Amino acid sequence: MLRAGGIVLGGSLVSGSAAAADGDGSTTLTLLSYNDIQTAAAEDKNFPRLVTLIEQRRAAADGPVVVVGGGDEVGPHALSPISQWRAPVDVLNEVDPDADVIGNHEFDYGLDPISEVTADSEFPWLATNLVDSETGEAFDGTESTNIVERGGVSVGIIGLVDEGATYGKTNIDFEAEGITLEDYTETGPAEAKRLKEDENVDVVVALAHTGIEDAEALAEDDTDDDIDVIVVGDDEQLYPPEEVDGSIISEARARAAYLSEIELTIEDGEVTAWDGELIEVTDDIEKDSTASDIINDYRAEVSLDSPVVETETPLDATFGSNYHRETNYGNVITDAMRERVDADVAITNAGGIRSDSVYGPGEITGGDIFNTLPFPNTVVSLELTGEELVEALEGQIITLESGTGQSFGEEVSQQTSGVRFEWVPHEDADELVRDVYVGGEPLDPDDTYEVAVNSFIANGGSGYPLEDKPVVKDTGELQATTVVNYLEEKETIAPTVEGRMQRVDRDLPDAAVTVDGNGKVVAQFDAPDDVESVAEDTVAVWTPDGDTADAEQVVYDKDDETIVVRVDDGELAETIGDADDGDEVPLNLYAEYESSEYDHIYFERSRLNADVAATVRRRGRGRAGAPGR
């Protein structure tokens, strides 16, 4: 095969090697693909433009065209609680694809409704390696393969999923439901060979809802090169068509932002050349009017365009932020949950915050909230011991040294309210979660706490060990509705990051200081061996309540391997607040630094921590920081 590929930003495909080889008995087959429509299904934006782009590329093709999807099309989206799968399916029926693959978000509405999803679809949904345990055939409502005869070319299409997109991202026990997940690296090549040998197809296209890394493994295990093209979904990567071990692999990111176009030259029943691009869906592409009408009719039923609140700070609903660190929008969501049930703590999973967008500053609508919280999850509260709470928090930590950490960086993978803690994202850490405070008080491992969560993680979703914990309250209220109601009571909001989840890579020695409101507080620390430099503007002292005092001066002496930090005593006294004379207040110093050991994927620098015991000394009858009398 010839190798070609790239991205067209706001343009159309320029014919290359495949088109050039057309002629003398050859046929150019154009394969168009999309994946992970998700939240775009509820917006009159990219999705209707994608419909138009597909029709444009169909019309421009020099030969037969096949259109396929890579899964995760029918959820999650802001209309999920109202239309469920119907809005995206209605639009996809206008596209008239030749096949799509069942991905994990097709299970958002449960296992049984899959047959309703497929019944409403005017195209087949494939599940080649997710089969009925008794018959070995595709499970109820799905098909194993689809063969498309078009323009003298026979195309066999299969649909594959991996464990991460089934057991890893749903609450369904497939084995208990009588469904077997076969190894996609075995079933895929075997079915491709059968299609070519027994069904005489010219081209095999695998719709792989597995992510790029597993798709590359599939190509490697397809030793006879029977799979010609692998259309990928799930990990939402921008992956222009590329040949890997004899298969062409492509992924069009997500949310109708791109269309993958691959031209295959077919000669004597074989692919002899190819060319491919990703085409960006831009605002200058006209919306398909039918698709827009479908989406807007559903939106009108639930007033998604009504304003809810004004935000003075941008609300960060991006995946990168919410998986890796505390966000101001994560704080809004969990604060709303905690207030709704009057709980001690609230937790929500990072994967439950969708759209991968930033909202504001400015007006926030109900549709914005439902777009970021599109799942039909409700708010419940559970009774957990302190020990169980820590176990739940620890279960979400992704270490830098893990496989996922090496690909995406260390992750905290959740957002919280009412609880503050440090997380240490390294395999050799004694504790992944430590220094836990609830309501400003140290956590008691034997005490019980009421913890607000969404129903998905209450049932064990995202790996939270909560499915058998006592339920205190079950609101039956959608998580998105809880947040909307919480925000409607406010005219404006300006949420910030408050230090609820503090990342720590290395520890400095403990320190003790006296705070009397006068002069300066100075502390000196021996630096760890991997410190190369300290980012002075990142050094600050934090209280258990989240108040901070920035360092006035920081000196790192590389020869002596010491770090000296100076803080204004008056500012620190004000930060501590109303502590009485003689009280000892636990503080934490955090500082970012360049490490000679850690090579971070997501974060710019490593992070230091020192526990600081501050003894309060009051002058006369005044409070710390005020003149005595």
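All figures in this text were calculated on a predicted structure; none of them were measured in a lab.
- Using modelled atom types and a 3.5 Å distance limit, the side chains of Glu236 and Gln38 yield a donor-acceptor pair.
- A donor-acceptor contact closer than 3.5 angstrom is absent between the side chains of Glu163 and Tyr184.
- Side-chain contact annotation: Tyr323 with Gln415, donor-acceptor N/O pair under 3.5 Å absent.
- Side-chain contact of Glu267 with Ser26: a donor-acceptor pair under 3.5 Å is absent, judged by distance alone.
- Formation of a donor-acceptor pair under 3.5 Å by the Ser321 side chain with backbone atoms of Thr318 is not found in this model.
- Side-chain atoms of Asn349 and Asn454 form a donor-acceptor pair, as typed in the model, at a separation below 3.5 Å.
- A donor-acceptor pair shorter than 3.5 Å cannot be found between the side chains of Ser154 and Asp202.
- Using modelled atom types and a 3.5 Å distance limit, the side chains of Thr272 and Thr265 yield no donor-acceptor pair.
- The list of ring pair (Phe, Tyr, Trp, His ring centres under 6.0 Å) pairs with a residue in residues 52-107, not counting sequence neighbours, reads Trp85-Tyr109, His105-Phe375, Phe107-Phe174.
- The list of salt bridge (Lys or Arg N to Asp or Glu O under 4.0 Å) pairs with a residue in residues 87-107, not counting sequence neighbours, reads Asp98-Arg150.
- Side-chain atoms of Glu191 and Thr128 form no donor-acceptor pair, as typed in the model, at a separation below 3.5 Å.
- Between Lys193 and the choices Asp222, Asp224, Asp198, the salt bridge (charged side-chain N to carboxylate O under 4.0 Å, His left out) rule is met once, by Asp224.
- Defined by atom type and a distance below 3.5 Å, a donor-acceptor pair is present between the side-chain atoms of Thr482 and Glu477.
- For the residue pair Tyr329 / Thr372, a side-chain donor-acceptor distance below 3.5 Å is found, with atom types taken as modelled.
- In the model, Asn104 has no side-chain atom that pairs as donor or acceptor with a side-chain atom of Thr170 under 3.5 Å.
- In this structure, Glu261 and Ile279 approach most closely via the heavy-atom pair OE1-CD1, 4.0 Å.
- Side-chain N/O atoms of Thr290 and Asp293 include no donor and acceptor closer than 3.5 Å.
- Checking Asn459 against Asn171 by side-chain atom types alone, no donor-acceptor pair falls below 3.5 Å.
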